[in-house]
Each structure stands twice: as C-alpha cells, then as structure tokens.
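Here's the structure we're looking at; comments come further down.
Note that the structure is predicted; figures quoted are calculated from it, not measured.
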Amino acid sequence: MKIIIILTEAINLFKNLLNDMKGKQSLVYLLTLAIAVAIASGLILYIIDPNVHSLFDGIWSAWVTMTHVGFGDVVPTSFLGRLLSATLILFGLALFSLSTALFSVTLMSKNMDTWGGDVRQIEQETSRIESEENQILKELARLHERMEALEKQVSSAAGKAV
C-alpha cells in the first residue's frame, strides 16, 4: 500500500516538474542542440570511420557516446573517430550539467516565489510590531514625565509641610 502512495506522489511531482518546464524555451534549445550535435557527429563518424557502416550507426554511436551509455555495438576505430568520440564525451558532460542546472533553476525559482511572499509577509509583520513598540515607548516616556512631575509635587508638598 505504501508503494502505491509513494508512486502516486512521485508521479505527481513529475507532472508538476513537467508543468513548470513547459514555459522554458531553454529546454527546447538544449534538446535541439543535443539532437543536432548527434546528427552532425553521426554523419562525420560515418564519413571518417571505417567501422561505422551506416549513417544510422554513426548517429547511434554519437548519441550513445554523448549520453555516456556506451553500449559498444558501434565503436570508432580510427584516430579521428576516437577523437570525435572523446569530444562527444565532453560535450555530453556539459549537456548533462546544463540540463541539471536548468531543472535546478526551475525548481528554485518556484520556491523563491513562495519564499518571496513569506518574506514580504514577515516584513509587514515586523513593520507593524515596530510601530506598536514605538507607541509603547512614547507612552512610557509620557508616563515617566508625569511620574517626575508627581514626585516634584510630592517633594515640594512634603517640604512645605515640614
């Protein structure tokens, strides 16, 4: 029963993340860049490496290399093919870093909006408390003045009575 609840919550979180990501053009740009690099690199691999027998194999090898899966079914054997694959590995690292950053920014900006509302509410409450404290301090100052005046009256009346 707990597994169903956990899976339901996970699905809801995933749906919320997808809804938050819908407005992000940068995700579309990132995916477009990844696909374009995979296709271009696949074409280059097909041209320069004798072990890559078709354009599809080249694209597949580029994509698998960028995503760090490394099935090993299509492996470049030439120096230039291996150099291109090494470059794709580094590009894949950058790609994953950027996608992680994109998800983090999306989640953090959502939380920052919530926190911003909380901060504004705290600032308003602090301002109200400061105003009330100032009124209390003014009243205390007024009472202190009245007390001093009364003490003077009592001491002058006691001085006259002696």
Side-chain angles (χ1 to χ4, degrees), residues 1-140:
M1 190 63 167
K2 284 186 177 185
I3 293 174
I4 294 173
I5 293 171
I6 292 171
L7 286 175
T8 304
E9 288 180 11
I11 290 170
N12 287 336
L13 286 173
F14 185 70
K15 285 180 184 177
N16 289 339
L17 180 62
L18 288 178
N19 285 337
D20 292 340
M21 294 301 291
K22 279 183 184 176
K24 300 286 183 184
Q25 285 294 329
S26 50
L27 179 63
V28 174
Y29 298 147
L30 197 61
L31 288 173
T32 304
L33 176 66
I35 291 168
V37 167
I39 291 171
S41 299
L43 177 65
I44 294 170
L45 276 174
Y46 173 64
I47 292 170
I48 65 172
D49 198 289
N51 199 35
V52 179
H53 302 294
S54 70
L55 178 60
F56 178 75
D57 282 349
I59 294 170
W60 174 251
S61 177
W63 186 258
V64 167
T65 303
M66 279 191 322
T67 57
H68 299 270
V69 174
F71 287 127
D73 54 348
V74 180
V75 179
T77 55
S78 69
F79 173 75
L80 291 176
R82 289 180 178 181
L83 186 64
L84 179 59
S85 292
T87 305
L88 286 173
I89 290 171
L90 294 177
F91 179 76
L93 287 172
L95 186 73
F96 281 112
S97 297
L98 288 173
S99 61
T100 301
L102 180 63
F103 287 123
S104 297
V105 164
T106 300
L107 294 173
M108 288 302 294
S109 66
K110 184 177 180 180
N111 289 338
M112 292 304 276
D113 292 342
T114 304
W115 293 340
D118 292 344
V119 167
R120 283 189 292 279
Q121 184 178 0
I122 290 170
E123 287 174 346
Q124 290 172 352
E125 184 70 17
T126 302
S127 176
R128 185 189 61 78
I129 290 171
E130 286 176 352
S131 174
E132 290 175 0
E133 284 178 350
N134 287 336
Q135 288 176 347
I136 291 170
L137 289 173
K138 286 178 186 176
E139 184 65 23
L140 281 174

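When each of Val75, Asp73, Val74 is paired with Ser61, the side chain to side chain contact (heavy atoms under 4.5 Å, CB included) condition holds for Val74 and for no other.
When atom types are taken as modelled, the side chain of Ser97 and the backbone of Leu93 share a donor-acceptor pair closer than 3.5 angstrom. Using modelled atom types, one side-chain atom of Asp49 and one backbone atom of Ser78 make a donor-acceptor pair closer than 3.5 Å. In this structure a side-chain-to-backbone donor-acceptor pair under 3.5 Å is present from Ser99 to Phe96. For the pair Ser131 (side chain) and Ser127 (backbone), a donor-acceptor distance under 3.5 Å is absent.
More than 12 heavy atoms of other residues, nucleotides or ligands sit less than 6.0 Å from atom CD of Glu139.
Nearest approach of His53 to Tyr46, heavy atoms of both residues: O-CE1, 3.5 Å.
The OG1 atom of Thr87 sits 12.5 Å away from the CE atom of Met66 when rounded to the nearest 0.5 Å. Rounding to the nearest 0.5 angstrom, the gap separating the OG1 atom in Thr8 from the CD1 atom in Ile3 is 11.5 Å. Here Thr126 contributes atom OG1 and Gln124 contributes atom CD; the two are 10.0 Å apart, rounded to the nearest 0.5 Å. If you take CG on Leu90 and OG1 on Thr65, they are separated by 11.5 Å, rounding to the nearest 0.5 Å. Taken from CG in Leu98 to CG in Leu30, the straight-line distance is 5.5 Å, to the nearest 0.5 Å. Separating the CG atom in Leu84 from the CZ atom in Phe91 is a distance of 11.5 Å, to the nearest 0.5 Å.
Judged as a salt bridge (charged side-chain N to carboxylate O under 4.0 Å, His left out), and not counting sequence neighbours, the contacts of Glu125 are Arg128.
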Name the atoms and distances for all side-chain donor-acceptor pairs under 3.5 Å in residues 38-45, with sequence neighbours left out.
{"from": "Ser41", "atom 1": "OG", "to": "Val37", "atom 2": "O", "distance (Å)": "2.8"}

